[in-house]
There are 2 protein chains.
Amino acid sequence: MTLLNQTLTRIVPQDASAREQAKTRLDQLTMPHWALGRLMDLALDLAGMTRTVRPQVDRRVVVVMAGDHGVVAEGVTKYPQEVTCQMILNFLRKGAGINALARVVEASVLVVNMGVAGDLGNLIGHASFISRPVGPGTRNMAAGPAMTREEALRSIETGIQLALDLGPSYDVLGTGEMGIGNTTPSSAIVAAVTGSSPEEVTGHGTGIDDDQHRHKITVVERILARNNPDPSDPLDVLTKVGGFEIGGLAGLILGAASMQKPVVVDGFISTAAALIAYGLSATAGEYMIAAHRSVERGHQVALDHLKKQPLLDLDLRLGEGTGAALAMAFVEAAVRILTEVATFEEASVSQAIE
Amino acid sequence: MTLLNQTLTRIVPQDASAREQAKTRLDQLTMPHWALGRLMDLALDLAGMTRTVRPQVDRRVVVVMAGDHGVVAEGVTKYPQEVTCQMILNFLRKGAGINALARVVEASVLVVNMGVAGDLGNLIGHASFISRPVGPGTRNMAAGPAMTREEALRSIETGIQLALDLGPSYDVLGTGEMGIGNTTPSSAIVAAVTGSSPEEVTGHGTGIDDDQHRHKITVVERILARNNPDPSDPLDVLTKVGGFEIGGLAGLILGAASMQKPVVVDGFISTAAALIAYGLSATAGEYMIAAHRSVERGHQVALDHLKKQPLLDLDLRLGEGTGAALAMAFVEAAVRILTEVATFEEASVSQAIE
């Protein structure tokens with residue numbers, strides 16, 4: 001039995017009893033009923049995921065998975081491919097957006113080479129760097145499948161194994177990514193899985209202009225026509241129009257769900273990975289927390305497919321796990337509401353007159 | 001010259017030069033342009049407010065001002081008035097929603113008696129309690145003015161003085177409140193200041209049903225007809241349809257602005273106070289950060305008047321400063337982006353090809 005299949009069998013629904021106990025307590029807190037709104041909904045979810053009314057959420061990590069994409073040959077982005085590796089160095093020097101925002105919530109940042117085009121051999125051994133390349137970047141998916149089915153499976157299982165390795169050290173996992181060109185496979189995945197048109201799910205990525213945007217839409221159209229990914233087979237979608245970091249994140253999400261740990265899903269690319277994970281196990285969706293609504297236009301389509309409402313809406317479009325890091329503050333807030341606010345009885349506060 | 005007038009003369013616009021310097025740096029960060037969206041807008045504001053590209057925002061306090069309201073005699077709320085004092089005890093025992101959420105951002109919580117109906121003499125001397133009552137609750141504004149003009153001025157100046165006293169100890173102030181019945185004066189203030197109808201700005205408060213809601217709207221209509229507050233005279237509005245804690249918060253906001261410190265404005269009641277402050281000094285608006293969009297229907301009307309877009313939208317309707325506390329995480333995030341993220345040059349990352 002493969003690690004993937006083992007993992008899928010271990011993903012079970014949230015615990016209804018812990019949810020119910022949490023709801024009973026939240027209903028009695030010294031405030032008008034459900035007056036902290038979506039934070040209380042989140043508290044229910046966290047109780048259900050972790051199977052306790054006292055969830056542990058203090059040990060946090062954002063896993064930033066990096067990969068390169070052969071499809072950059074089609075001119076879909078305005079940044080050169082070398083930026084993927086340059087940004088990995090920036091992450092490890094703690095100078096990137098994710099480093100700054102992870103500090104706000106005291107989360108660790110781990111960087112994983114899932115398959116970049118450059119040589120990162122000199123980074124092996126760095127405490128925050130993990131080298132698990134599936135290959136030196138994907139092939140150009142406008143000309144054929146991005147990877148083999150074996151590579152797709154390997155990328156997912158690499159992510160699963162990483163989640164399992166991190167499990168003893170962390171309570172909450174966040175997804176992040178870096179990969180020049182990776183909004184293009186993400187748009188292709190969202191279109192393939194949800195049946196939306198490329199135009200509906202292809203945005204401006206790192207900031208291309210309108211002409212470049214029209215071109216990018218035609219590239220996504222060609223990718224889908226050339227590969228014809230099977231929406232009922234998530235591995236086929238990943239194989240044909242995915243990325244190594246996207247497969248890795250899908251695996252990370254599945255691994256977190258199998259350990260009954262919350263996983264905070266960042267923006268557009270992370271949510272494309274979540275679609276692959278969700279296709280393999282809809283139950284895994286019960287462990288996903290949608291961090292924010294990206295400016296990238298396909299993101300809402302993907303969130304709707306997952307039936308998730310994001311916590312934040314701040315016009316972010318950076319990726320790297322920045323939205324996931326920020327949303328971890330709300331995970332902490334939700335748990336503090338559940339565990340630290342007094343009930344009417346505990347505080348001797350008069351209740352509403354009905 | 002009164003403390004209020006002195007304070008108003010000290011409120012000056014944000015510093016354009018610090019904003020410009022911040023923008024220059026943010027434009028060069030190792031990310032697609034403005035990819036952290038509204039957090040970068042907030043970083044500009046914080047630089048402008050504090051007149052530096054390295055704003056200090058670590059020392060945070062949420063000031064929870066409490067007051068009672070004679071208008072509860074009209075049956076506008078379903079909680080008994082004694083809950084105001086009971087919740088003050090709950091705040092001081094650290095068992096309320098604001099205590100839990102202030103911990104997320106390591107903010108202090110200070111509770112101020114601006115004028116409750118009960119006796120809190122036994123709390124004087126408590127390290128987190130400040131006693132500055134203007135009176136034992138307001139009069140029933142459905143029958144006449146809520147307070148005298150002298151009391152209105154005193155409530156504002158009490159808030160200003162408190163801000164000035166807190167200035168040396170804190171970098172960021174947050175507004176919070178507790179007062180059974182205080183959505184009713186808030187609705188009346190928002191209607192009076194913005195010219196909206198009572199129906200547009202009167203919500204369900206702590207959770208009244210539809211019949212009670214219709215009744216509450218008619219009470220707000222009567223309040224406005226009886227008192228006819230002058231929208232061009234914020235002190236008249238506060239006198240006739242305000243509350244002591246609302247005046248105190250208006251003063252706190254003005255005091256923060258006069259010290260060039262950011263003040264995070266919580267939900268509906270705090271924003272009603274912000275309208276009073278804004279009426280006295282539109283420039284004070286440059287120091288206000290809108291924390292969240294409340295469920296309370298008049299809140300959006302008030303935010304529009306202030307030309308503010310809130311940072312959070314989580315269906316909160318508790319008050320106490322809970323939204324302000326959470327939003328302080330974004331204030332920290334914005335400053336970290338401005339001060340900790342490397343520029344393309346610093347990190348030797350290739351820039352976009354235009």
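Sequence lines set the chain letters: A, B, ... in the order given, protein chains first and strands last, and positions in each chain run from 1. Remember, predicted model here, so these are calculated numbers, not experimental data. What's counted below: heavy atoms across the whole structure, side chains too, no hydrogens, waters or symmetry copies.
Remark: B/Asp27 engages B/Lys23 in a salt bridge (Lys or Arg N to Asp or Glu O under 4.0 Å) (not counting sequence neighbours). Taking the ring pair (Phe, Tyr, Trp, His ring centres under 6.0 Å) definition, one finds that A/His213 meets it with A/His204, sequence neighbours left out.
A/Thr30 touches chain B through backbone and side chain together, each having a heavy atom under 4.5 Å away. Proximity to chain B involves both the backbone and the side chain of A/Leu36, based on heavy atoms less than 4.5 angstrom apart. Contacts of B/Ser348 with chain A are made by backbone atoms alone, with heavy-atom separations under 4.5 Å and no side-chain atom involved. For A/Gln351, the part lying near chain B is the backbone, with the side chain staying farther off; criterion is any non-hydrogen pair under 4.5 Å. Neither the backbone nor the side chain of A/Thr343 comes within contact range of chain B, judged by heavy atoms closer than 4.5 Å. Contacts of A/Leu101 with chain B are made by side-chain atoms alone, with heavy-atom separations under 4.5 Å and no backbone atom involved. Proximity to chain B involves both the backbone and the side chain of A/Leu311, based on heavy atoms less than 4.5 angstrom apart. When heavy atoms are compared at a cutoff of 4.5 Å, B/Leu326 approaches chain A solely by way of its side chain, counted from C-beta outward. Both the backbone and the side chain of B/Ser350 come within less than 4.5 Å of a heavy atom of chain A.
Summarising the local packing, CD of B/Glu106 is surrounded by 12 or fewer heavy atoms from other residues, nucleotides or ligands at distances under 6.0 Å. Other residues, nucleotides and ligands contribute over 12 non-hydrogen atoms within 6.0 Å of the CZ atom of A/Arg59.
Counting heavy-atom pairs under 4.5 Å between each of A/Glu82, A/Arg103, A/His33, A/Met40 and chain B puts A/Arg103 at the top. In terms of heavy-atom pairs under 4.5 Å with chain A, the best-connected choice from B/Thr206, B/Val335, B/Val105 is B/Thr206. The greatest number of non-hydrogen atom pairs below 4.5 Å with chain B, out of A/Pro80, A/Ala325, A/Ala329, is found for A/Pro80. Per-residue counts of heavy-atom pairs under 4.5 Å with chain A were compared for B/Ala100, B/Gly319, B/Ala333, B/Gly37; the largest is that of B/Ala100. Contact count against chain B (heavy-atom pairs under 4.5 Å) is highest for A/Val104 among A/Val341, A/Val104, A/Ile208. Among B/Val83, B/Asp209, B/Thr77, the residue making the largest number of heavy-atom pairs under 4.5 Å with chain A is B/Val83.
Applying the salt bridge (Lys or Arg N to Asp or Glu O under 4.0 Å) definition to pairs two or more places apart or across chains, those involving residues 310-324 of chain A are A/Arg293-A/Asp313.
Between A/Leu318 and B/Met31, the closest heavy-atom pair is CD1-CB, 3.5 Å.
In this pair, B/Phe330 and A/Phe330 present their aromatic rings perpendicular. The plane angle is above 60°, beyond the 30 to 60° band.
Proximity to chain B among residues 86-96 of chain A is limited to A/Gln86, A/Met87, A/Asn90, A/Arg93, A/Lys94, A/Gly95, A/Ala96, judged by heavy-atom separations below 4.5 angstrom.
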#### Entry: B/Asn99 and A/Glu340: CA distance, side-chain angles, deciding distance, side-chain contact (heavy atoms from CB on, under 4.5 Å) verdict
CA-CA 8 Å; B/Asn99 303 104; A/Glu340 298 178 3; over 6 Å; no
